[in-house]
Structure formats: structure tokens, C-alpha cells
Amino acid sequence: MMSVMVYGPTIQCGETMPADIIVGLQWGDEGKGKLVDALARDYNAVARYQGGPNAGHTVFAGGSKYVFHAVPSGVLHHGVMNVIGNGVVMDIKQLAGEIRDLQASGVQVTSENLSISLYAHVIMPYHVEEEKQSSVSRKIDTTKRGIGPAYTDKVRRTGLRVIDFYNYDHTKIVEAAVNHGCANPGEVYSSLSNDFEFIRPFVADTSALLNELLEEGDNVLCEGAQGTMLDVDHGTYPYVTSSTTTAGGALSGLGIGPKHVRDVIGVAKAYVTRVGEGPFPTEMDTETEERIRQKGREFGATTGRSRKCGWIDLPSLKYAARVNGVTRLAIMKLDVLDGEPLVKACVKYEGNNNLSLGHTNPVYREFGGWTESTQPARTFVELPHNARNYLQFAEENTGAPLVFLSTGPDRYQIITE
Ligand code: IMP
């Protein structure tokens, strides 16, 4: 087990390669946003590589609350460049609104600290409408932000990209609207033009920008949205999102090469949650689940839906560590388990080992709980004995060294190596 101390001014993640990837190891909502916020000041850039406004996280800093959906939370840190990469799908109105809200609350967001890829695909209003009517979306219980239809258009090669708006390509935009059966195709552009003009100054070739930074020896934190079990290839298909949430997505979603990657930081909660349909084998009994949901405030930042809560699922965590090539593990929200009389960890599934097939029977190892609050702990050794046992077991069974441990909602409640 690591030697641990309070999160300090500089985190040494290794010396040679300058891009680190933060990736969710569960079904999203692992607390990646908080970790990004805690680490951002040690990076020159924070770059979001996939997903869209289906993601959402809240950062509490300096007594204020900030909600992020598309903009990387690195904007809260002076001198950090924030990038929305080509792998992201972008809702122009939503993004313009989010930037305006941040600016209104005093956060500096300018073209000096935010860059949006010319090649990101745009979520059009008709994508959102289509998704509302879609039976697939109902079955999966998606966030209904137009994510699936926008990525479908991208792969079908009929999508619109930021560059089409940047170049005022009306013909292309009208043609796309006609193909989607819009009643007033000519109005689609004008309905978005004010918001697009607002974001125009931020638009850039972000792959070129990031490569330039990396070549100069700057370091970049690549931020994934959602989690491994929602990855379109490696998740619980078809109950997944439409993008590559895993570490590989960082390279294609930002246009950088593998030679730049140093660490893959896998983020897991001390328990698991899931929103939407699909396999979720370790769901807690109703009473425990409700208690954890309330303590952990497990309600979606984007849709407000209540999240299902379950015990940590080590077979799926080990799998996630493997498909991402995790080099460092972060466990978040340990404090939510404080006061639980018993804490369980799923160690294997009985009968069927393939989560995608469903009907798995989890086998648990039980741990004694702890009554003390873990929130004041500033080092690993200050944690209650049973909490340490539990973490050590989770670390060993995930197969990656535990380097970051979050014990509370505050920005600085992170114990690190
Ligand atoms: P979509 O991404 O809106 O297409 O939704 C696909 C699935 O991913 C649904 O089960 C959503 O609930 C889930 N999902 C999408 N984004 C998030 C997220 O940020 N956190 C947790 N679940 C998410």
C-alpha cells in the first residue's frame, strides 16, 4: 500500500511523459470532476476528449458552487488552457449558456483559456427531438441530450461539425436539416447563429494546439466523461453511451499520439452507482441503497435522476483497469461508507462471468464497518483500521496502485501518495 499524505501543492506523477489520462472505471459519476479540479493546477492544459452535455459535475471551490457539463473544470485555475476536443459532441446553445453562466459567476473564460475543436461534431436541435421519439433511447434510458443521434450522424458521415458553422456553410447545414425532415430547414442556422458567434473566438485546431504544447514539454490532463462500463466497445452494450469513454478515446478524441501518454489514472467510487438501464449486479438492498443515495447525494447533475447504488464490483473494476491500462487508481467518496455496519465487496460472479449477459450472481466478501468519520484523515494511516483493510483489498483486486483517495466533498479532501 502506498505511503500517503495530504494532497499537496505539486503531485509528481512520474517524470518523463507529459499526457495523463483520467478515466472512469465504473458507470460514470465516479468523481472524476473533483479529481480533475484537484490536479488541474499542476497541468498546463486540461482536455476533454469525448461525450457531450450528457456528463455533468459540480465543483465546490472558494465557497461557491460551479456546475460543468461541457467546459473542463480547469477554467477555475489560473493559467490552465482548457480544450474541448474533436471527440466531443457539442450542443452550441448549451455550451454558450454554460460559458455565459461561468462568466456571470466571475470565472474567467476567454480564448486565452478555452479552445474548442473545429472538428467536434455538433448536436443539432433535430438530434434532441429525434432522441425524444426514439424507442432505443427509452429502452436504454439515455440522458436525452441528443448524444446518440449526433454520434450516429458522425459515423454515418452526415454530421455537421464546428467548422461548418465557422465557415458559414449554409448549404450544408440546410441540406442536413432537410435530410432530418425539419419543417423549417432555413431557420436551423439562424436559430443557432447568435450562440455560435459567441463561441466563435474559442474555435481552434485543438489537436495542433495540444501537440504544440506537448512538444514544448508542457503537460496535459486528458479528461474522460462517463465510465468504462458505458464505453460503446467495452461497456455493457447496448446499455452504453455512444462514445469511447476508455483511455484509447483520449488519443482519437484529441488527436494526440500514444508516445505522449504517461499515466492512466482510473477513478472509482468506494461503491458503485448507475443511472439508466442495463446490468448492475451488486445493487444494495433497498434500505442501504436509499441511505447511501442520500449520504452520497447520488442524483444526476444533468438529469436529476436518482442513481442506483451498489457495492463495489471488483471483477468489473479489474476488467476496467485492464482495458484502460490503468497505472494509478483513485478511490473517491470513501466517507459515504462511514457509519455503515457492514461493507461488502463483490469478488466474483457465480455462474456467468459476463456482465453484458446479465443475470449475474455476485459473491461478496464482507468487511466490518467503521463508526469514525474518515473526512478529517490527512494520511492513510489515520484512517480507521477497517477502512484501510477494505481499501487494501480493493487495491489488490483491481491490480493498480491506489494513489488518490477522496474522503469528502471539499477540493482538498484528497489523500495522495
Ligand atoms: P446517453 O449518453 O445520453 O446516450 O445515455 C446512455 C447511457 O449512459 C444511459 O444509461 C445514461 O444514463 C448513461 N450516462 C450518460 N452520461 C452519463 C453520466 O455522465 N453519468 C452516468 N451515466 C451517464
message: side chain to side chain contact (heavy atoms under 4.5 Å, CB included), that's the test. Do S316 and V272 meet it? Break it down for me.
response: CA-CA 11 Å; S316 77; V272 280; 5.9 Å; no
- prompt: Can you check whether K344 reaches P362 side chain to side chain, under 4.5 Å on heavy atoms?
  reply: no
query: For E287, does the CD atom have more than 12 heavy-atom neighbours from other residues, nucleotides or ligands under 6.0 Å away?
result: no
K144 (side chain) donor-acceptor with K132 (main chain) under 3.5 angstrom: no
message: Do H180 and V188 make a side-chain contact, defined as non-hydrogen atoms from C-beta onward lying under 4.5 Å apart?
response: no
Short side-chain donor-acceptor distance under 3.5 Å, T246 and D231: yes
message: Pair T398, L314 - check side chain to side chain contact (heavy atoms under 4.5 Å, CB included), show working.
response: CA-CA 6 Å; T398 304; L314 296 175; 4.2 Å; yes
message: Could you walk me through whether R305 and T303 satisfy the side chain to side chain donor-acceptor pair (under 3.5 Å) test, starting with their C-alpha distance in whole Å, then the side-chain angles of each, then the deciding distance to 0.1 Å, before giving a yes or no?
response: CA-CA 5 Å; R305 291 177 294 173; T303 59; 2.9 Å; yes
query: Would you say R293's side chain and R307's backbone share a donor-acceptor pair under 3.5 angstrom?
result: yes
task: Answer yes or no: is there a side-chain heavy-atom contact under 4.5 Å between L213 and P18?
output: no
task: For the pair R100 and D195, find out whether any cationic side-chain nitrogen is under 4.0 Å from an anionic carboxylate oxygen.
output: yes
statement: Minimal heavy-atom distance between M81 and L114, with the atoms involved, is SD-N, 3.7 Å
Residue pair Y151 / T241, side-chain heavy-atom distance below 4.5 Å: no
message: Nearest 0.5 Å, please: how far is CG in L337 from CD1 in I292?
response: 5.5 Å
query: Can D153 and T158 be counted as having a side-chain donor-acceptor contact under 3.5 angstrom?
result: yes
field: T228 side-chain N/O to G24 backbone N/O, donor-acceptor pair under 3.5 Å
entry: yes
statement: Hits for side-chain contact (heavy atoms from CB on, under 4.5 Å) against A47, two or more places apart or cross-chain, chain-then-number order -> V83, L210, V220, L254
- prompt: What pairs with K34 under side-chain contact (heavy atoms from CB on, under 4.5 Å), at least two apart in sequence or on another chain?
  reply: M332, S406, Q413, I414
task: Count the heavy atoms belonging to other residues, nucleotides or ligands that lie under 6.0 Å from NZ of K295, then report whether that count exceeds 12.
output: yes
message: So, taking the atom named CD in E223 and the one named CD1 in I22, what distance separates them when rounded to the nearest 0.5 Å?
response: 7.5 Å
SB check R274 E283 (cutoff 4.0 Å): no
field: I265 side chain near L39 side chain, heavy-atom distance below 4.5 Å
entry: yes
query: Shortest non-hydrogen contact from H77 to A40?
result: CD2-CB, 3.6 Å
Can you give the donor-acceptor pairs under 3.5 Å from side chains of residues 56-76 to other protein atoms, not counting sequence neighbours?
{"unit_1": "H69", "atom_1": "ND1", "unit_2": "A55", "atom_2": "O", "d": "2.8"}
{"unit_1": "H69", "atom_1": "ND1", "unit_2": "T302", "atom_2": "OG1", "d": "3.4"}

statement: Heavy-atom nearest pair, I147 first then P53, reads CD1-CD, 3.8 Å
query: Nearest heavy-atom pair of M229 and V240: which atoms, and what distance?
result: O-CG1, 3.9 Å
- prompt: How close do W27 and P281 get, heavy atom to heavy atom, and via which atoms?
  reply: CH2-CD, 4.4 Å
task: Taking atom types as modelled, find out whether E129 and Q133 have a side-chain donor-acceptor pair closer than 3.5 angstrom.
output: no
- prompt: Does K259 pair with E215 as a salt bridge, N-O distance under 4.0 Å?
  reply: yes
message: If you apply the rule side chain to side chain contact (heavy atoms under 4.5 Å, CB included), what do you find for E197 with N194, and how did you get there?
response: CA-CA 5 Å; E197 289 314 310; N194 277 349; 5.7 Å; no
Gap separating the CG atom of N219 from the CG atom of N44, nearest 0.5 angstrom: 4.5 Å
query: Are more than 12 heavy atoms from other residues, nucleotides or ligands located less than 6.0 Å from atom CD of E290?
result: yes
- prompt: Does any non-hydrogen side-chain atom of I116 lie less than 4.5 Å from one of L95?
  reply: yes
- request: Determine the minimum heavy-atom distance between D141 and E277, stating which atoms define it.
  value: CB-N, 3.9 Å
message: I need the T244 OG1 to D233 CG distance, nearest 0.5 Å.
response: 5.5 Å
statement: When rounded to the nearest 0.5 Å, the distance separating CD of E30 from CG of L35 is 11.0 Å
message: Apply side chain to side chain contact (heavy atoms under 4.5 Å, CB included) to residues H127 and T152 and explain how you reach the verdict.
response: CA-CA 10 Å; H127 288 138; T152 301; over 6 Å; no
query: Do you see a donor-acceptor pair shorter than 3.5 Å between the side chains of Q226 and N54?
result: yes
- line: The side-chain contact (heavy atoms from CB on, under 4.5 Å) partner of K269 among I331, L334, D29 is D29
- request: For Y319 and H234, indicate whether the former's side chain and the latter's backbone hold a donor-acceptor pair under 3.5 Å.
  value: yes
query: Is the closest side-chain heavy-atom distance between T273 and Q26 below 4.5 Å?
result: no
task: Kindly say whether G33 contributes a backbone atom to a donor-acceptor pair with the side chain of D37 at under 3.5 angstrom?
output: no
- request: Output yes when a side-chain donor or acceptor of R388 lies under 3.5 Å from a complementary backbone atom of L383, and no otherwise.
  value: yes
Main-chain N/O of C346 paired to D313 side chain as donor or acceptor, under 3.5 Å: no
- prompt: Side chains of Y271 and E298: is there a donor and an acceptor less than 3.5 Å apart?
  reply: yes
query: Any donor and acceptor pair, going by atom type alone, linking the side chain of D20 with main-chain N or O of L221 inside 3.5 Å?
result: no
message: Between E382 and A377 (side chain of the first, backbone of the second, donor and acceptor by atom type, cut-off under 3.5 Å), is there such a pair?
response: no
message: So F367 and N386, do their side chains get closer than 4.5 Å, heavy atoms only?
response: no
query: Does K139 make a cation-pi contact with Y239 (under 6.0 Å, within 45 degrees of the axis)?
result: yes
- line: The reported gap from CD1 in I92 to CZ in F165 (rounded to nearest 0.5 angstrom) is 4.0 Å
message: Whether the side chain of K333 engages the backbone of G31 through a donor-acceptor N/O pair (distance < 3.5 Å, no angle test) should be reported.
response: no
